[in-house]
**Q** 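Here it is, the structure in full.
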Number of protein chains: 2
Amino acid sequence: MSRREEAKEFNRARIRAAAEDIIRRDGIAQLSMRRLAEQADVSLRTPYNLFGSKADVLIALLDEAECQLSPLADMYPASSAIARLLGTLAGIETFFAHDEEYFRGIYAAIMTSDHHGAREAGVGRTITTAQQMVARAAAQGELRADTDTAALGRYCGIALLAVLGMWGSGFLSISQCIAQTRRTWLAALLHHASEQTRAGLLDAYYETCGKGDANDR
Amino acid sequence: MSRREEAKEFNRARIRAAAEDIIRRDGIAQLSMRRLAEQADVSLRTPYNLFGSKADVLIALLDEAECQLSPLADMYPASSAIARLLGTLAGIETFFAHDEEYFRGIYAAIMTSDHHGAREAGVGRTITTAQQMVARAAAQGELRADTDTAALGRYCGIALLAVLGMWGSGFLSISQCIAQTRRTWLAALLHHASEQTRAGLLDAYYETCGKGDANDR
DNA sequence: TAAAATATTGACACGCATTATAAATATATT
DNA sequence: AATATATTTATAATGCGTGTCAATATTTTA
């Protein structure tokens with residue numbers, strides 16, 4: 001990395017740190033570009049040079065955190081592809097829950113910005129991941145062979161993203177949000193489960209929404 | 001209505017009309033309070049006096065339209081409570097689809113505003129409606145008697161609202177959005193269906209996501 | 001009809017994200 | 001060491017939603 005790039009990365013880090021500090025100290029509403037520049041000790045223009053926009057700064061903050069999120073998916077024993085799917089969901093909850101207000105603020109700010117590009121990238125990534133996981137489940141015989149894994153994965157990804165939006169708006173806590181998604185995923189997966197996985201999924205479904213709430217045993 | 005109230009209502013109508021005109025002509029991004037005031041031929045302050053905020057103007061636009069939405073739910077034959085649930089969904093699609101970009105802009109703008117009160121009211125109303133419809137289905141024996149209708153209705157309402165958010169963000173068309181919701185509703189309802197409704201629901205489910213995509217017959 | 005209550009207006013200000021411009025400064029290349 | 005290039009800086013400007021407040025117009029009340 002050239003000295004020029006080093007200096008840029010140093011400034012980027014300072015700006016990220018200042019942004020995080022402001023959000024943690026006074027809340028996302030207090031994060032303005034002027035204050036950010038002042039606290040990071042750079043000019044107003046610099047964050048625009050180095051990130052692009054306010055939303056891009058926040059996206060960088062989220063990306064930084066997601067480096068810590070990825071290993072979390074592996075935290076749960078991937079005894080099966082479907083267990084891995086559900087484990088990822090649990091990992092998301094664990095990760096966001098330990099710092100819920102901080103992440104909610106960032107997520108909401110990104111979502112309410114008119115910065116379409118970055119959002120679409122995140123949506124695409126989530127859907128692709130979901131599709132891959134569903135495809136693996138089918139490949140391992142946990143779902144019936146004729147399952148349209150692309151459609152089912154897309155359905156699951158969208159369900160997660162949609163409900164995360166309600167988390168960002170403050171209507172659901174992250175745990176409510178994950179419970180809702182889990183229920184949606186399980187209900188859908190159950191319709192495609194192969195014989196040997198069906199019973200286990202039913203148990204998981206009961207666990208999510210209560211025995212009295214599901215009775216198709 | 002006193003003459004004073006008449007004048008206010010007249011101005012309100014002019015402002016609504018101007019807002020609609022700007023949105024239709026140049027898109028929601030061009031709707032600023034300054035331009036709105038100019039086009040409605042009132043002062044910049046007047047929309048604030050008469051509505052409260054920009055978001056309130058948009059909410060008024062949506063409310064105005066929703067008067068036409070309500071009868072749509074009755075458009076579909078309510079042969080059963082569940083048919084009525086699904087019919088309402090179809091009604092929402094029909095209504096928004098005939099003017100998709102116009103409504104999408106308004107919806108997105110309201111959702112991305114920090115006007116929490118009105119949004120919460122809308123969310124509450126949707127969830128309550130869903131709960132009532134699910135309760136009616138249970139009362140008529142279409143769902144098993146031990147179904148937790150409050151939880152299931154809430155689940156369905158949130159699923160709809162969450163996906164509508166993705167419509168507002170531009171990630172889904174209204175028809176994709178309704179298809180996703182329909183699938184979620186059907187998958188959940190199927191787990192609570194009584195014997196005599198189960199077969200019909202399965203058919204509806206197939207219709208939504210394709211035969212190859214659901215195979216638990 | 002005079003007085004009081006109320007609504008609208010106008011000109012202003014604030015803080016916001018973002019962009020433009022040009023000067024100053026650091027780095028890279030020759 | 002001199003030149004060329006990239007980046008940051010300072011400053012100002014644009015347009016945005018919203019707020020203040022006094023002045024003015026209109027309606028209601030006495």
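Numbered from 1 within each chain, the chains take letters A, B, ... in sequence-line order. Values below: every heavy atom of this structure, side chains too, minus hydrogens, waters and symmetry copies.
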**Q** Would you tell me whether A/T184 and A/Y155 have side-chain atoms, one donor and one acceptor, within less than 3.5 Å of each other?
**A**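 No, no side-chain donor-acceptor pair sits under 3.5 Å.
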**Q** In whole angstrom, what separates B/D26's CG from D/dG15's P?
**A** 16 Å
**Q** Just the rounded figure in Å: distance from P of D/dT7 to CD of A/E6.
**A**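 So the two atoms are 14 Å apart, to the nearest Å.
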**Q** Return yes if a side-chain donor-acceptor contact under 3.5 Å exists between B/T208 and B/R182, otherwise no.
**A** yes
**Q** Taking 4.0 Å as the cut-off, does a side-chain nitrogen or oxygen of A/S32 come that near to OP1 or OP2 on C/dC16?
**A**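 Checking C/dC16 against A/S32, a side-chain N or O does come within under 4.0 Å of OP1 or OP2.
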**Q** For D/dT18, does OP1 or OP2 lie under 4.0 Å from any side-chain N or O of B/K54?
**A** no
**Q** Determine whether any donor atom in the side chain of A/R34 lies under 3.5 Å from an acceptor atom in the base of C/dG15, or the reverse, and answer yes or no.
**A** no
**Q** Starting at CD of B/E38 and ending at P of D/dG15, how long is that distance when rounded to a whole Å?
**A** 12 Å
**Q** With A/V134 as reference, evaluate A/T129, A/D148, A/L152 under the side chain to side chain contact (heavy atoms under 4.5 Å, CB included) test and give the passing residue.
**A** A/L152
**Q** Identify whether the distance between the nearest side-chain nitrogen and carboxylate oxygen of A/E6 and A/R3 falls below 4.0 Å.
**A** no
**Q** Just say parallel, tilted or perpendicular for the rings of B/Y107 and B/W167, cut-offs at 30° and 60°.
**A**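 Because their plane-to-plane angle lies in the 30° to 60° range, the rings of B/Y107 and B/W167 count as tilted.
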**Q** Can you see if the side chain of A/S2 gets near the phosphate of C/dT27 - specifically, an N or O under 4.0 Å from OP1 or OP2?
**A** no
**Q** Please report the distance, rounded to the nearest Å, between CG in B/D114 and P in C/dC16.
**A** 14 Å
**Q** At under 4.0 Å between heavy atoms, what does A/L36 touch on the DNA or RNA strands: base, sugar-phosphate, or nothing?
**A**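 Result for A/L36 = nothing.
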**Q** Return the value, rounded to whole Å, for the distance between atom CZ of B/R35 and atom C1' of D/dT14.
**A** 17 Å
**Q** Is A/D99 paired with A/R24 through a side-chain N to carboxylate O contact shorter than 4.0 Å?
**A** yes
**Q** Distance check needed: C/dT27 P versus A/E5 CD, whole Å only.
**A**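 About 13 Å, once rounded to whole Å.
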**Q** Just the rounded figure in Å: distance from P of D/dA13 to CE of A/M33.
**A** 21 Å
**Q** Protein-nucleotides 19-26 of chain D N/O pairs closer than 3.5 Å?
**A**
unit_1	atom_1	unit_2	atom_2	d
D/dG19	N7	B/R45	NH1	3.2
D/dT26	O2	B/R4	NH2	2.6

**Q** Side-chain N or O of A/T46 versus OP1/OP2 of D/dT9: is the shortest distance under 4.0 Å?
**A**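 A/T46 to D/dT9 OP1/OP2: side-chain N or O found under 4.0 Å.
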**Q** Do A/T149 and A/T147 get their side chains close enough for a donor-acceptor pair, meaning under 3.5 Å?
**A**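 Distance-only check fails for A/T149 and A/T147.
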**Q** B/I110 has an atom CD1; how far is it from atom P of D/dG17, in whole Å?
**A** 15 Å
**Q** Does a side-chain N or O of A/N49 approach OP1 or OP2 of D/dT8 to a distance below 4.0 Å, or not?
**A**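 True: A/N49 side-chain N/O within range (under 4.0 Å) of D/dT8 OP1/OP2.
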